[in-house]
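Letters A, B, ... are given to chains in the order of the sequence lines, protein chains preceding strands, and every chain is numbered from 1. All figures in this text were calculated on a predicted structure; none of them were measured in a lab.
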Amino acid sequence: MNEERRTPLNPSNLDHRSHCGTFTAMTVRTRFAPSPTGFLHIGGARTALYNWLYARHHGGTFILRVEDTDADRSTTESMQIILDGLKWLGLEWDEGPGVGGEYGPYFQSERNDVYDRYLARLEASGHVYEDDGAIRFRVPDKLITVSDAICGEVSTNLKEQGSRRYDAETKQEVEANPDIVIKRPNGGYIFHFVNVVDDIEMAITHVIRGEDHLSNTPKHLALFEAFGATPPVFAHIPLNLNPSGTKMSKRDQGALIHEYQENGFLPAAVNNYMALLGWSAKDDQEIFSIEELKARFDLPGVNSSNSKFDYDKCRWVNSEHLKHLSAADLLTNAAPFLSRAGIDPTDARVPAALELARDRAQLLSEIPGVIATIFSDTVTYDDASIAKVREKAELPQVISALADGIAGTSDWTVDGIKSAINEAAGKIGLKMGALMLPCRVAVMGSTTGADLAPVLVLLGKEEVVKRLTGFGAML
RNA sequence: GACCCGUUCGUCUAAGGGUUAGGACACCGCCCUUUCACGGCGGUAAUACGGGUUCGAAUCCCGUACGGGUCGCCA
């Protein structure tokens, strides 16, 4: 997102159509709670996926809640990018922006009355006090134990922990107030507070979030206790790191969800790969449809160590999904990439061409490169490929034999073309294999690309002969 | 720095006291293909280190090292 394009977040400006939620009144309720301050990032998307899968697996409800309490940093552009990303991935929400629900509003910026009410309770019970205009929550001086579904039991004493703070500037420990600020002097509420209040109010049963929140959880538990509420089940999932083992940043390859769409990934493949980073079906299956993921995903399969992102494997997962796509879905998904490359997706030869390309491309964006020559009036010759076929001294004879043979065939099918090439080879005392590569280069411009004979079929005899004679004249 | 979490091939992972430590990506080789791929078969490659417990440890315990996270009037 452009740094200059920062419109303060206004929920009513957003486009969130196409999300008809289905309300399922079951016990499990999970939520994805993004803060609209940037892009939809692979880490956030995976968190959303795990929450969505968990809810779907258990017949529960998946809620989208927008944590926009920091008015200075929340933007409409960011919110739109996050919504678009979730939509593209197909992680539809049952309650939240655009679909409503019994527990709304789902933008925290619109829930101040709720927070005021909860704050009053803490005031009444003596849990908070004012400090420099801010409101602080008194943390208890006792060991708080988080029973995490993934990490196990983790105990902390907030009072002890919070009474010292590390100053990154001076690299020293300094005295600190362990009581957490829950409301700013300007009236805005703070994450820890609203997060807990909304999880109570929205009846969230399972909080699945990144392990970076594990250290925050004792604070949240203290708040749940102060409200006399039963906390949800916490499941802190391991983080995804970049290949060098540090936190994924937006500059790392594969970090931003919208780029997957632009680069020609299928949403199902991205979901599949994200699921694999930190979760395993415990057998050897790695390629899953969305339905299979919903059926098989569960918390016990989530492991506890961080993983490094592997773009090559992500591409491979995509290629596997590409192979299994129906012809119609392949066309639908490839169409934008074809158009962008100047190929008319409605061209009658496209479906056949796509079948030639699907095994050779890992990404949708690689498809045009494989078949573009079929739809182009001119051939773009690759120098290295020409050099390779030029090594044979008899190239001109080969090309003219090819042109004659192909011009003379009346059976314009894969088999007919192959036997024409075979006969042409015989006439000049060569084997068929010696003619295939020169023919490729003459007609397609390169030694690589789609299967030759089917390409010739699609091109038509006249065009093939034209290209052969044109190439012969060039020599 | 303090606290927390983690550590199986380069990477993602399986194996929760007894396996020749399995699979996948990537890489290499062979086969298939009279072309390009797909595909098939095979190969290189791992339990961080040190102590325990045990007849037996990748697996349980302790320590060390390394990696990550948190320490905001961000979320």
Using a strict 4.0 Å threshold on nitrogen-to-oxygen distance, state whether A:Arg111 and A:Asp116 make a salt bridge.
-> no
Among [options], find the nucleotide with the atom closest to the side chain of [X].
| X | options | result |
| --- | --- | --- |
| A:Lys431 | B:U70, B:A14, B:U34 | B:U34 |
| A:Asp70 | B:C12, B:A2, B:A75 | B:A75 |
| A:Arg165 | B:C71, B:A15, B:U13 | B:C71 |
| A:Lys418 | B:C5, B:U34, B:C73 | B:U34 |
| A:Asp451 | B:U35, B:A75, B:G68 | B:U35 |
| A:Asn303 | B:C5, B:G69, B:A14 | B:A14 |
| A:Asp359 | B:C38, B:A75, B:U13 | B:C38 |
| A:Ser307 | B:A24, B:A15, B:C12 | B:C12 |
| A:Ile190 | B:G69, B:C4, B:C74 | B:C74 |
| A:Arg184 | B:C3, B:A75, B:A14 | B:A75 |

Before giving the answer on side chain to side chain donor-acceptor pair (under 3.5 Å), spell out for A:His213 and A:His236 the whole-Å C-alpha distance, their side-chain angles and the decisive distance to 0.1 Å.
-> CA-CA 7 Å; A:His213 283 295; A:His236 288 93; over 6 Å; no
So what does [X] touch, heavy atoms closer than 4.0 Å: a base, only the sugar-phosphate, or nothing?
| X | value |
| --- | --- |
| A:Arg440 | base |
| A:Asn186 | nothing |
| A:Asn216 | base |
| A:Leu277 | sugar-phosphate |
| A:Lys323 | sugar-phosphate |
| A:Glu67 | sugar-phosphate |
| A:Gly449 | base |
| A:Gln161 | sugar-phosphate |
| A:Ser446 | nothing |
| A:His192 | base |
| A:Gly162 | nothing |

Is A:Trp316 stacked on the base of B:A24, with ring centres under 5.5 Å apart and planes under 30° apart?
-> no
Base partner of [N], which must satisfy Watson-Crick or wobble distances under 3.5 Å:
| N | answer |
| --- | --- |
| B:A14 | none |
| B:U34 | none |
| B:C74 | none |
| B:U54 | none |
| B:G63 | B:C49 |
| B:C27 | B:G43 |

Would you kindly check whether a donor in the side chain of A:Asp212 faces an acceptor in the base of B:U70, or vice versa, at under 3.5 angstrom?
-> no
Does the base of B:A24 carry an N or O that pairs as donor and acceptor with the side chain of A:Lys313 under 3.5 Å?
-> yes
Salt bridge (Lys or Arg N to Asp or Glu O under 4.0 Å) between A:Glu423 and A:Lys418, intermediate numbers included | CA-CA 9 Å; A:Glu423 280 173 34; A:Lys418 280 191 176 178; over 6 Å; no
pair A:Glu123-A:Leu119: side-chain heavy atoms closer than 4.5 Å = yes
P atom, B:A48 versus B:C66: distance in rounded Å?
-> 16 Å
Distance between C1' atoms of B:U13 and B:A46 (Å, rounded) = 12 Å
Please indicate whether A:Lys461 has more than 12 foreign heavy atoms, meaning atoms of other residues, nucleotides or ligands, lying under 6.0 Å from its NZ.
-> yes
Ring centres of A:Tyr311 and A:Phe265 under 6.0 Å apart?
-> yes
Judged by nearest nucleotide, the residue sitting upstream toward the 5' end of RNA chain B, A:Ser305 or A:Ala450, is A:Ser305
CD1 of A:Ile182 to NE2 of A:His127, rounded to nearest 0.5 Å, is 10.5 Å
Mind calculating the distance between CD (A:Glu211) and P (B:U70) to the nearest angstrom?
-> 10 Å
